[in-house]
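Order of appearance sets the numbers: ligands from 1, and atoms from 1 within every ligand. Positions are given from 1 along the sequence.
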Amino acid sequence: MTQQRLDPDRIPRHVAIVMDGNGRWAKMRGLPRLQGHNAGMMALKEIVKRSSVLGITHLTVYAFSTENWKRPEEEVFGIFKLLVLYVQKEIRELNDNNVRVNIWGDWSILPSDAQNAIRKAMRTTQNNTGLCFNIALNYGGRAEILKAVRSICSEIQSGAFSIDSIDESMLSSRMYTNGVPDPDLIIRTGGEYRLSNFMIWQAAYSEFVVTDVLWPDFSPDEYEKAILEYQSRDRRYGGLT
Ligand code: FPP
C-alpha cells in the first residue's frame, strides 16, 4: 500500500476528480456504456471511503456536465438512474461515516426521482461534520461563472453596491464553492489532459494529475499514488520557492 509513504501533514484539503474512461472500460469488455458507468459508481464508493480515512476535507467529482446532454438519451437517463441507485444504496453508510453530501450544478431540470434522491441525500447528511462530498451534476464551469455574474449584476441594478466593489472574493461567494477551499489537486482518469469545463474558476492554482487508468479501475491505491505525486509538487502560487 502507498499509505505509509504519504505525508500526513500534506494531505490535500480539497481533491476534485474528472471521472473519465467509463465508456472505454465497457467497450474493452464488449459491454454497453452504462455498465461502465455502473462500474464507475462502485469505484466512486471506494474513493469516498478512502478520502475520509485520509482526512481529506472536500472531495468533488464531476458526474455529469452541461455538455453531457449531447450523449444518447439512454446513457443520459441511465446516469441519472445510477444516481438514484447510488443514494438508495449508499446513503446510510455515508451518513454513518459522517459524510456530508452536496450537489453542485443545475439539478432543477433533472428527472423528478433524481431530484428526490438529491434532496434526500442532502437533507439526511446536512448536519454531518466529516468529509464534504460534492457531486457536480449538470454542472459547467462557464455556467457557474455566468450565474455568479448575473447575481452580482442584479444586485448592482437594485443599487445594493457599485461596480467598483466587485472583487474576486465577491465572485467566489456566488459560486457553488462558496466557503469551500479551491481544489488543491485535480485528478483526471482516462489519460486526457483537459479540464472539460470543470471548476475553471477554482482551478487557478490547482495541481493537476492525469492517469491513464480508466475510472472504474481507479482503486484507492491508485488514488494514493496520485496524492503522492501531488505531495512531490512545489506549489509556488506565482511566487518563488
Ligand atoms: C465519463 O466517462 C463519465 C461520465 C460522464 C459519468 C460519470 C458517472 C459515474 C462515475 C457513475 C455515476 C455516479 C453518480 C454518483 C451519478 P466517459 O463516458 O466519457 O468515458 P469514455 O471517455 O471512455 O467514453
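At a 3.5 angstrom cut-off on N or O pairs, Arg24 counts as close to ligand 1. Close N/O approach between Asp20 and ligand 1 is found [any backbone or side-chain N/O within under 3.5 Å]. By the 3.5 Å distance cut-off applied to N or O atoms, Gly23 is counted among the residues near ligand 1.
Annotation: atom 6 (C) of ligand 1 to nearest protein heavy atom, Ala63 O, 3.3 Å. Remark: minimum distance from atom 9 (C) of ligand 1 to any protein heavy atom is reached at Asn22 ND2, 3.8 Å. Considering only non-hydrogen protein atoms, atom 3 (C) of ligand 1 sits nearest to Met19 O, 3.2 Å.
Not a single heavy atom of Lys27 lies less than 4.0 angstrom from ligand 1. Heavy atoms of Gly21 approach ligand 1 to within less than 4.0 angstrom.
For Asn68, every heavy-atom contact with ligand 1 shorter than 4.0 Å involves the side chain, none the backbone. No part of Lys45 comes within 4.0 Å of ligand 1, judged by heavy-atom distances. Under 4.0 angstrom from ligand 1, the non-hydrogen atoms of Trp215 all belong to its side chain. Contacts with ligand 1 closer than 4.0 Å are made by no heavy atom of Leu137, backbone or side chain.
Atoms of ligand 1 found under 4.0 Å from any heavy atom of Leu44, numbered from 1 in the order shown, are 15 (C). Within ligand 1, the atoms closer than 4.0 Å to a non-hydrogen atom of Arg71 are 5 (C), 17 (P), 18 (O), 19 (O), numbered from 1 in the order shown. Interface atoms of ligand 1 facing His37, defined by a heavy-atom separation under 4.0 Å, are 3 (C), 4 (C), 6 (C), 11 (C), 18 (O).
Ionic pairing of Arg174 and Glu155 is present here: one or more N-O contacts between side-chain nitrogen and carboxylate oxygen are shorter than 4.0 angstrom. Glu144 has no carboxylate O lying under 4.0 Å from a charged side-chain N of Lys147, or vice versa, which leaves the two without a salt bridge. Under 4.0 Å is where a charged nitrogen must lie from a carboxylate oxygen, and between Arg233 and Glu229 at least one such pair does. The existence of a salt bridge linking Glu93 and Lys49 is confirmed by a sub-4.0 Å separation between a basic side-chain nitrogen and an acidic carboxylate oxygen. By the 4.0 Å N-to-carboxylate-O rule, Arg235 lies close enough to Asp184 to be salt-bridged with it.
Between Phe208 and Tyr193, the ring center distance fails the sub-6.0 Å criterion.
Because its NZ or CZ atom is not both nearer than 6.0 Å to the ring centre of Phe218 and within 45° of the ring axis, Lys225 does not count as a cation-pi partner of that residue. Annotation: cation-pi geometry not satisfied between Arg71 and Trp69 (NZ/CZ under 6.0 angstrom from ring centroid, within 45° of ring axis).
Listed here is the closest heavy atom pair of Asn138 and Asp106: ND2-O, 2.8 Å. What you find for Gln115 and Trp107 is that their closest heavy atoms are CG-O, 3.4 Å.
For atom 18 (O) of ligand 1, the nearest non-hydrogen atom from the set Arg33, Glu192, Glu67, Met42 comes from Arg33.
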